[in-house]
Amino acid sequence: QVQLVESGGGLVQAGDSLTLSCAASGRALGIYDMGWFRQAPGKERAFVAGMPWSGRYTYYADSVKGRVTISRDNATVYLEMNTLKPEDTAVYYCAAKRLGGSRFSATMDYDYWGQGTQVTVSS
């Protein structure tokens with residue numbers, strides 16, 4: 001079992017930066033792949049970034065590539081976001097799935113989810 005708690009969301013202006021945190025707890029965290037997803041009202045939950053627990057490589061959605069960075073320090077996974085745009089406004093979720101596969105973008109593959117943190121970008 002993995003417990004995930006996101007934090008760091010808030011109100012920002014377009015062009016600003018924000019870093020989200022995901023505090024993970026549980027046993028054998030190294031067997032998990034980690035992902036960040038976001039969901040705007042009336043829209044499907046969308047993949048943002050992913051990485052294995054080791055952080056040996058990272059994977060990003062085309063819509064955010066170059067503006068976000070996923071990383072880990074101890075048991076906290078971060079999502080650094082730069083040059084934020086109004087279309088980045090959403091509830092952001094941290095998620096975990098068992099290690100394996102070649103992609104991180106499938107929502108249905110993730111077994112554990114945090115409660116979400118709201119990010120609002122004003123224009």
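When reading the values below, keep in mind they use all heavy atoms of this one structure, side chains included, and skip hydrogens, waters and symmetry mates. Quick caveat, the model's predicted, so the values are computed rather than measured.
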Note to self: Could you see if Tyr78 belongs to whatever hydrophobic cluster contains Val119? Use Ile, Leu, Val, Met, Phe, Trp, Tyr and a side-chain cutoff under 4.5 Å.
What the structure shows: no

Item checked: Between CH2 on residue Trp113 and CD on residue Glu6, distance to nearest 0.5 Å -> 9.5 Å

Next item on the list: Taking the side chain as every heavy atom from C-beta outward, state whether Val77 and Leu79 have any atom pair closer than 4.5 Å.
Entry: no

Checklist line | side chain to side chain donor-acceptor pair (under 3.5 Å) partner of Arg38, the single match among Asp88, Thr117, Thr89 | finding: Asp88

Notebook entry, point to check: Under a single-linkage definition using a 4.5 Å side-chain heavy-atom cutoff for Ile, Leu, Val, Met, Phe, Trp and Tyr, are Leu29 and Trp36 assigned to the same hydrophobic cluster?
Noted result: yes

Check: Once you round to the nearest 0.5 Å, how far does OG1 of Thr107 lie from CZ of Arg45?
Finding: 7.0 Å

Notebook entry, point to check: If you look at every heavy atom in Trp53 and Asn74, which pair is closest and at what distance?
Noted result: CZ2-O, 3.6 Å

Note to self: Counting C-beta onward and ignoring hydrogens, is there a side-chain heavy-atom pair between Leu84 and Leu18 closer than 4.5 Å?
What the structure shows: yes

Item checked: Cys94 and Met34: CA distance, side-chain angles, deciding distance, side-chain contact (heavy atoms from CB on, under 4.5 Å) verdict -> CA-CA 7 Å; Cys94 178; Met34 304 300 298; 3.8 Å; yes

Check: Can you tell me how far OH of Tyr110 sits from CG of Leu4, rounded to the nearest 0.5 angstrom?
Finding: 11.0 Å

Margin query: For Gln1 and Tyr112: C-alpha separation, side-chain torsions, deciding distance, then whether side chain to side chain donor-acceptor pair (under 3.5 Å) applies.
Written below: CA-CA 8 Å; Gln1 286 286 95; Tyr112 306 101; 3.1 Å; yes

Next item on the list: Enter the distance from Thr76:OG1 to Leu20:CG here, rounded to the nearest 0.5 Å.
Entry: 12.5 Å

Check: Does a donor on one side chain and an acceptor on the other come within less than 3.5 Å for Ser122 and Gln13?
Finding: no

Note to self: Measuring centre to centre across the rings, with the benzene-like ring taken for any Trp, is Phe47 within less than 6.0 Å of Phe37?
What the structure shows: yes

Next item on the list: Calculate, to the nearest 0.5 Å, the distance between atoms CG and OG1 belonging to Leu11 and Thr120 respectively.
Entry: 5.0 Å

Notebook entry, point to check: What is the distance from atom OG of Ser71 to atom CD of Glu80, rounded to the nearest 0.5 Å?
Noted result: 5.0 Å

Item checked: Sub-4.5 Å side-chain heavy-atom contact between Ile70 and Tyr60 -> yes

Check: Considering all heavy atoms of both residues, which atom of Ser123 and which atom of Ala14 are nearest to each other, and what is their separation?
Finding: CA-CB, 4.5 Å

Check: When you check the gap from the basic side-chain N to the acidic O, do Arg98 and Asp109 get nearer than 4.0 Å?
Finding: no

Check: Given side chains that start at C-beta, do those of Arg72 and Met51 come closer than 4.5 Å, heavy atoms only?
Finding: yes

Next item on the list: Scan side-chain atoms only and decide if Tyr93 and Gln115 contain a donor-acceptor pair under the 3.5 Å cut-off.
Entry: no

Notebook entry, point to check: According to the interplanar angle, ranging from 0 to 90°, do the rings of Phe104 and Tyr59 count as parallel (below 30°), tilted (30 to 60°) or perpendicular (above 60°)?
Noted result: tilted

